Amino acid sequence: MQTVRKRSVIKLIGLSALSVAALTACGKKEEPAAPAAPAPAAAAPAGDKLKVSFMYVSPIGDGGWTFQHELARKAIAQKFGDKIETSMVESVPESADAERVLRDMAGQGNKLIFATSFGYQEFVQKAAADLPNVKFEHATGYKQADNVAVYDSKTFEGAYLAGIVAGSMTKTKTVGVVASVPIPEVVRNINSFVLGAQSVDPSIQAKVVWVNEWFAPPKESEAATSLINGGVDVMYQNTNSPAVLKTAEERGVYAFGKDGDMSAFAPKAHLGSAVIDWTPYYSKVVEDTLAGKWQSGNFWWGVKEGAMDLVKIADQVPQEAKDKVEKAKQGLKDGSFAVWTGPILDNKGQEVLASGVVGDDAFLRGINFYVKGIEGAVPGAK
Ligand code: GUN
């Protein structure tokens, strides 16, 4: 295995068969029909390889968000072999440091750069404006440019599926969420989790504690403790570490893994993990780039595209709930079900989606309220 040094671009040399074997299957549906660049007869000289780099906000060992990006990086390194050379820098803060790292990556010859956290947005925009020959991919922002595409996973679908399980397991009828940074994506996930729980029992209430960071295990743990002290017995989180699950394990309540499979961190407390697989999207982008067909755009893949799933549902979860999760998944795949289908009320009693109306992408990207049953208000919302 390569040594990983913080904030320096490290070349990927070896690839552990073990880590690749651990990857979930790639969805192929959205891959372009056109073949990738023709395979060279002999191994391409180093200079001909497409250099691809990844910038991460937390350590690759976070067990969640960044861990999953890293698994996908390893998967594409194996898939594309000597056509590409990949590297990564971990624990890069969402500050001017990020711009420096991006420029450094470009200076080292990387022509495709993935910036994998929302708060990198302005730094990606600045670097990309000066580096027109480099393609940038930004998760999970909204600002595009000729050489900047944005992409995301439909994490709210996984949150809804987890919510179904939570709704079937809560005894106190109060579920909770440890929330990270107050952006629509996170508010949407909180709401989707609660909508899933209320699809089992509409009387379920919810509490939220914000930690205002993506990765802060001690704070995540404190937030989980305060939720439990407030009567919550099933928790979800939108932070990057397994701290909430570990706290649940210690306190004898339930929680979920998010982004990665976190089952190993809390065997008794773990009810399921809402896992993102970035591999299908990363494969598509590399294939397009090798074929000279890279394009800017806004890509949002979910259960349908094999980018999102709820895995390792615990044995103790009633079969009825497991069947309900399976039905919702099938509906998401064949388009017969959408999480955000009215009637949906906010927590002030205002109708936000009328009966039968499905929230479109613009609606989903602007969610800035709590649904019925969630205590309090979204930070900064009027
Ligand atoms: N950076 C670290 N974790 C996350 C996440 O869950 N969402 C977004 N948008 N950025 C992140």
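Everything numeric here is computed off the predicted structure, so don't read it as measured data. Whatever order the structure lists ligands and atoms in, that order sets their numbers, starting from 1.
Ligand-side atoms of ligand 1 in range of N238: 6 (O), range being under 4.0 angstrom from any heavy atom. Heavy-atom contacts of V57 reach the following atoms of ligand 1: 1 (N), 2 (C) (cutoff under 4.0 Å). Interface atoms of ligand 1 facing F118, defined by a heavy-atom separation under 4.0 Å, are 9 (N), 10 (N).
Protein heavy atom in closest approach to atom 3 (N) of ligand 1: N240 OD1, 2.9 Å. The protein atom (non-hydrogen) at minimum distance from atom 5 (C) of ligand 1 is W214 CZ3, 3.2 Å. The shortest contact between atom 7 (N) of ligand 1 and any protein heavy atom is with E185 OE2, 2.7 Å. When only non-hydrogen protein atoms are considered, atom 9 (N) of ligand 1 lies nearest to T140 OG1, 2.4 Å. Nearest protein heavy-atom neighbour of atom 1 (N) of ligand 1: S117 OG, 2.5 Å.
A salt bridge links D288 and K284; the closest N-O separation between the charged side-chain nitrogens and carboxylate oxygens is under 4.0 Å. By the 4.0 Å N-to-carboxylate-O rule, E250 lies too far from K246 to be salt-bridged with it.
The closest non-hydrogen atom to atom 2 (C) of ligand 1, taken over W65, Y120, F215, comes from W65.
The shortest N/O to N/O separation between T116 and ligand 1 does not fall below 3.5 Å.
Side chain to side chain, D323 and Q319 meet the donor-acceptor criterion of an N or O pair below 3.5 Å.
W340 has its side chain within reach of V371: a pair of non-hydrogen atoms, C-beta onward, lies under 4.5 Å apart. At a threshold of 4.5 Å between non-hydrogen side-chain atoms, the residues V186 and W214 count as touching.
Across Y142, W278, F136, a single residue satisfies ring pair (Phe, Tyr, Trp, His ring centres under 6.0 Å) together with Y151, and that is W278.
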side-chain contact (heavy atoms from CB on, under 4.5 Å) assessment of D152 paired with V150: CA-CA 7 Å; D152 198 357; V150 293; over 6 Å; no
